S.K.: 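Provided herewith is a single structure, encoded as structure tokens, for subsequent inquiry.
Predicted model, so just to flag it, every value in this text is computed and none were measured.
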Amino acid sequence: MKKNILFIVNPVSGVGKQKKIENVIESKIDHSLIDYTIQYTERIHHGRELAQAAVEQGVYDAIVAVGGDGSVNDIAGALVGSDIALAIIPCGSGNGLARNLKIPLTPAHAIEVINHFKMAEIDTIDVNGHIVASIAGIGFDAHVARRMKLAKVRGLQAYAKIIVADYTTYKEHTYKLIIDGKEIERQAWFISFANSNQFGYNTTIAPMAQLDDGLIDICIVDRIPLLHLPLTAPLLYLNHFQLSQHVEYYKAHEVTVLNNKERWVNIDGEGESIGEELHFVNNRKNLKIIVG
């Protein structure tokens, strides 16, 4: 029996690989196995609205996010707990979840993965009612995501420009956290709450994170002096960031942040203002996904 798939395309995502996606889908999809429909987003979070409407229709076997991590997050948020699988054609700049899942970054090759329709189940993280498919962060991480939300240009160069501009002026904050019932207080530059191991751009902020282990990987990072950057930055690309002297690492089912005074959180690459008190909980294997 043929599969019925909906492609939801963010036409302004990332670096523009999605602009010729209709031709790529038509030429690469296995028409003997799959029927498909294409829809385009018209505004921020429109992808979630389209995906929720598709879930209510009950006619699709999978919904494909064609875009970056924010697009993936929007559609994943509509699919958690359903029988409809998420698929990804990565067309963003970071593509963190796709990289963790070893999904090809070339759209034509990503469609080949969809043709095989091999499904797995992965965890998601809920924070104050918002779904995190890959990674969330507070502190400098959220500050950069907030700045990027206002930027006219996306991509690694835009991120790097903001990081360089604000690196020395952004102040550490003291955070109170409850990690699986144990309260700690730490001064941190930023804190990551990871389901996936990826920040994106092949930088592994949480090298030991697994998408189906039922746990949140918490990476508490203090300010890294400029003199230490030549030694610390490569660890992000070598899967050993947790070994840095500036990193404290935990795994937990639930985490509460009591005083996120800036209120902003980086959720899968998008800055969101969701509250001073944050409650993160892992939802085990509640998202079906098509993998390589």
S.K.: Any donor-acceptor pair under 3.5 Å linking the side-chain atoms of Y36 with those of E26?
M.R.: yes
S.K.: Do you see a donor-acceptor pair shorter than 3.5 Å between the side chains of N286 and T124?
M.R.: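 Present: a donor and an acceptor within the cut-off.
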S.K.: Consider only side-chain N and O atoms of H279 and N128, and report whether a donor and an acceptor are under 3.5 Å apart.
M.R.: no
S.K.: Under a 3.5 Å distance rule, please check whether D141 uses its side chain to pair with a backbone N or O of F190 as donor and acceptor.
M.R.: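 Checking the backbone N and O of F190 against the side chain of D141, no donor-acceptor pair under 3.5 Å is found.
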S.K.: Just wondering, do I125 and I131 contact through their side chains at under 4.5 Å, heavy atoms?
M.R.: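 Of all side-chain heavy-atom pairs linking I125 with I131, none is under 4.5 Å.
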S.K.: For the residue pair H246 and H228, does the interplanar ring angle fall in the parallel (under 30°), tilted (30 to 60°) or perpendicular (over 60°) class?
M.R.: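 Tilted, since the angle between the ring planes falls between 30° and 60°.
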S.K.: Please work out which of the three classes, parallel, tilted or perpendicular, describes the rings of Y159 and Y201, given edges at 30° and 60°.
M.R.: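 Because their plane-to-plane angle is over 60°, the rings of Y201 and Y159 count as perpendicular.
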S.K.: Identify whether M119 and I29 are in the same connected component of the hydrophobic contact network (ILVMFWY, side-chain heavy atoms under 4.5 Å).
M.R.: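 They do share one cluster, since a chain of ILVMFWY contacts under 4.5 Å joins M119 to I29.
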S.K.: In this structure, would F7 and L50 fall into the same cluster of hydrophobic residues linked by side-chain contacts under 4.5 Å?
M.R.: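 No; L50 is not reachable from F7 via cluster members.
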S.K.: Do NZ/NE/NH1/NH2 and the carboxylate oxygens of D35 and K3 come within less than 4.0 Å?
M.R.: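 Looking at K3 together with D35, the answer is no, because their closest N to O distance does not fall below 4.0 Å.
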S.K.: Using atom types as modelled and distance alone, determine if a side-chain donor or acceptor of N260 lies under 3.5 Å from a backbone N or O of G139.
M.R.: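 No: the side chain of N260 does not pair with the backbone of G139.
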S.K.: Side-chain heavy atoms nearer than 4.5 Å, only ILVMFWY residues, links allowed to pass through others: does that put I289 and F117 together?
M.R.: no
S.K.: If we check side chain to side chain contact (heavy atoms under 4.5 Å, CB included) with I38, which of these qualifies: I25, L6, V66, I8?
M.R.: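 One option only clears the test, and that one is I25.
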S.K.: Has S27 got a side-chain atom pairing as donor or acceptor with V24's backbone, closer than 3.5 angstrom?
M.R.: yes
S.K.: Are side-chain N/O atoms of N197 and T204 paired as donor and acceptor at under 3.5 Å?
M.R.: no
S.K.: Hey, does F193 have a side-chain heavy atom less than 4.5 Å from the side chain of C219?
M.R.: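 C219 vs F193: side chains apart.
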S.K.: Which atom pair, heavy atoms only, marks the closest approach of S134 to L97?
M.R.: OG-N, 3.9 Å
S.K.: Between K149 (side chain only) and G271 (backbone N and O only), is there a donor and an acceptor less than 3.5 Å apart?
M.R.: yes
S.K.: What I want to find out is whether K288 reaches D83 closely enough, with some N-O distance under 4.0 Å, to be called a salt bridge.
M.R.: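 Yes.
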S.K.: Please determine if E272 and R146 form a salt bridge, counting it only when a charged side-chain N lies under 4.0 Å from a carboxylate O.
M.R.: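 Judged by the 4.0 Å cut-off on N to carboxylate O distance, E272 and R146 do not form a salt bridge.
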S.K.: Can you list the steps and then say if R186 with E248 is a salt bridge (charged side-chain N to carboxylate O under 4.0 Å, His left out)?
M.R.: CA-CA 10 Å; R186 295 290 187 273; E248 189 174 359; 2.8 Å; yes
S.K.: Between Q210 and D217, is any pair of side-chain heavy atoms under 4.5 Å apart?
M.R.: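 When only atoms from C-beta onward are counted, D217 and Q210 do not touch, as no gap falls below 4.5 Å.
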S.K.: Could you tell me whether the side chains of H253 and N282 share a donor-acceptor contact shorter than 3.5 Å?
M.R.: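 Their side chains do not contain a donor-acceptor pair, so the 3.5 Å distance test is not met.
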S.K.: Considering only heavy atoms from C-beta outward, does the side chain of D166 approach that of F140 to under 4.5 Å?
M.R.: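 Side-chain contact under 4.5 Å: yes.
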S.K.: Less than 4.5 Å apart, side chain to side chain, heavy atoms only: is that true for E270 and N73?
M.R.: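 No, every pair of side-chain atoms sits at 4.5 Å or beyond.
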S.K.: Donor-acceptor pair, D268 side chain versus V132 backbone, under 3.5 Å?
M.R.: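 Checking the backbone N and O of V132 against the side chain of D268, no donor-acceptor pair under 3.5 Å is found.
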S.K.: Can you find a heavy atom in the side chain of Y60 that is under 4.5 Å from one in the side chain of I5?
M.R.: no
S.K.: Is there a side-chain contact between F280 and T256 in this structure, where contact means two heavy atoms from C-beta onward sitting under 4.5 Å apart?
M.R.: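 Not touching, per the 4.5 Å side-chain cut-off.
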S.K.: When you check the side-chain N and O atoms of E42 and Y40, is any donor under 3.5 Å from an acceptor?
M.R.: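 Looking only at side-chain atoms, Y40 and E42 do not form any donor-acceptor pair under 3.5 Å.
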S.K.: Between N95 and G68, what is the shortest heavy-atom contact and its length?
M.R.: OD1-CA, 4.2 Å
S.K.: Answer yes or no: is there an ion pair linking D213 with R284, defined by an N-O contact shorter than 4.0 Å?
M.R.: no
S.K.: Within the side chain of N266, is there an N or O that forms a donor-acceptor pair under 3.5 Å with the backbone of A145?
M.R.: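 No, because the side chain of N266 does not come within donor-acceptor range (under 3.5 Å) of the backbone of A145.
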S.K.: Indicate yes or no for a side-chain donor-acceptor contact from S192 to the backbone of A194 under 3.5 Å, with no hydrogens or angles considered.
M.R.: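 No.
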S.K.: Taking L229 as the starting point, is it possible to reach F241 by hopping between hydrophobic residues whose side chains are less than 4.5 Å apart?
M.R.: yes
S.K.: So, taking the atom named CG in D74 and the one named CD1 in I267, what distance separates them when rounded to the nearest 0.5 Å?
M.R.: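 Output value for this atom pair is 10.5 Å.
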S.K.: Where is the tightest heavy-atom contact between A62 and I290, given as atom of each residue plus distance?
M.R.: CB-CD1, 3.9 Å
S.K.: With under 30° as parallel and over 60° as perpendicular, where do the rings of Y167 and W189 fit, or are they tilted in between?
M.R.: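 Perpendicular: the ring planes of Y167 and W189 meet at over 60°.
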S.K.: Could you go through V247 and I220, starting from their C-alpha distance and side-chain angles, then the distance that decides it, and tell me whether this counts as side-chain contact (heavy atoms from CB on, under 4.5 Å)?
M.R.: CA-CA 6 Å; V247 175; I220 304 173; over 6 Å; no
S.K.: What I'd like to find out is whether the side chain of V64 reaches to under 4.5 Å of the side chain of I88, using heavy atoms alone.
M.R.: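 Result no, sub-4.5 Å side-chain heavy-atom pair not found.
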S.K.: Between the side chains of K261 and E276, is the shortest nitrogen-to-carboxylate-oxygen separation below 4.0 Å, so that they form an ion pair?
M.R.: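 Between K261 and E276 there is no salt bridge, as every charged N stays at least 4.0 Å from the carboxylate O atoms.
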S.K.: Consider only side-chain N and O atoms of Y175 and N259, and report whether a donor and an acceptor are under 3.5 Å apart.
M.R.: no
S.K.: Within this structure, what is the OH-CD1 distance for the pair Y249 and I205, rounded to the nearest 0.5 Å?
M.R.: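 That separation rounds to 8.5 Å.
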S.K.: In the single-linkage hydrophobic clustering (I, L, V, M, F, W, Y; side-chain heavy atoms under 4.5 Å), do V221 and L226 co-cluster?
M.R.: yes
S.K.: Can any side-chain N or O of N195 pair as donor or acceptor with the backbone N or O of D123 at less than 3.5 Å?
M.R.: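 Yes; at least one donor-acceptor contact below 3.5 Å.
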S.K.: Please report the interatomic distance CE(M1) to CG(L33), rounded to the nearest 0.5 Å.
M.R.: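 It is 13.0 Å, given to the nearest 0.5 Å.
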S.K.: Got a donor-acceptor contact below 3.5 angstrom from the N23 side chain to the K20 backbone?
M.R.: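 Answer holds: no.
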S.K.: Has D126 got a side-chain atom pairing as donor or acceptor with G129's backbone, closer than 3.5 angstrom?
M.R.: yes
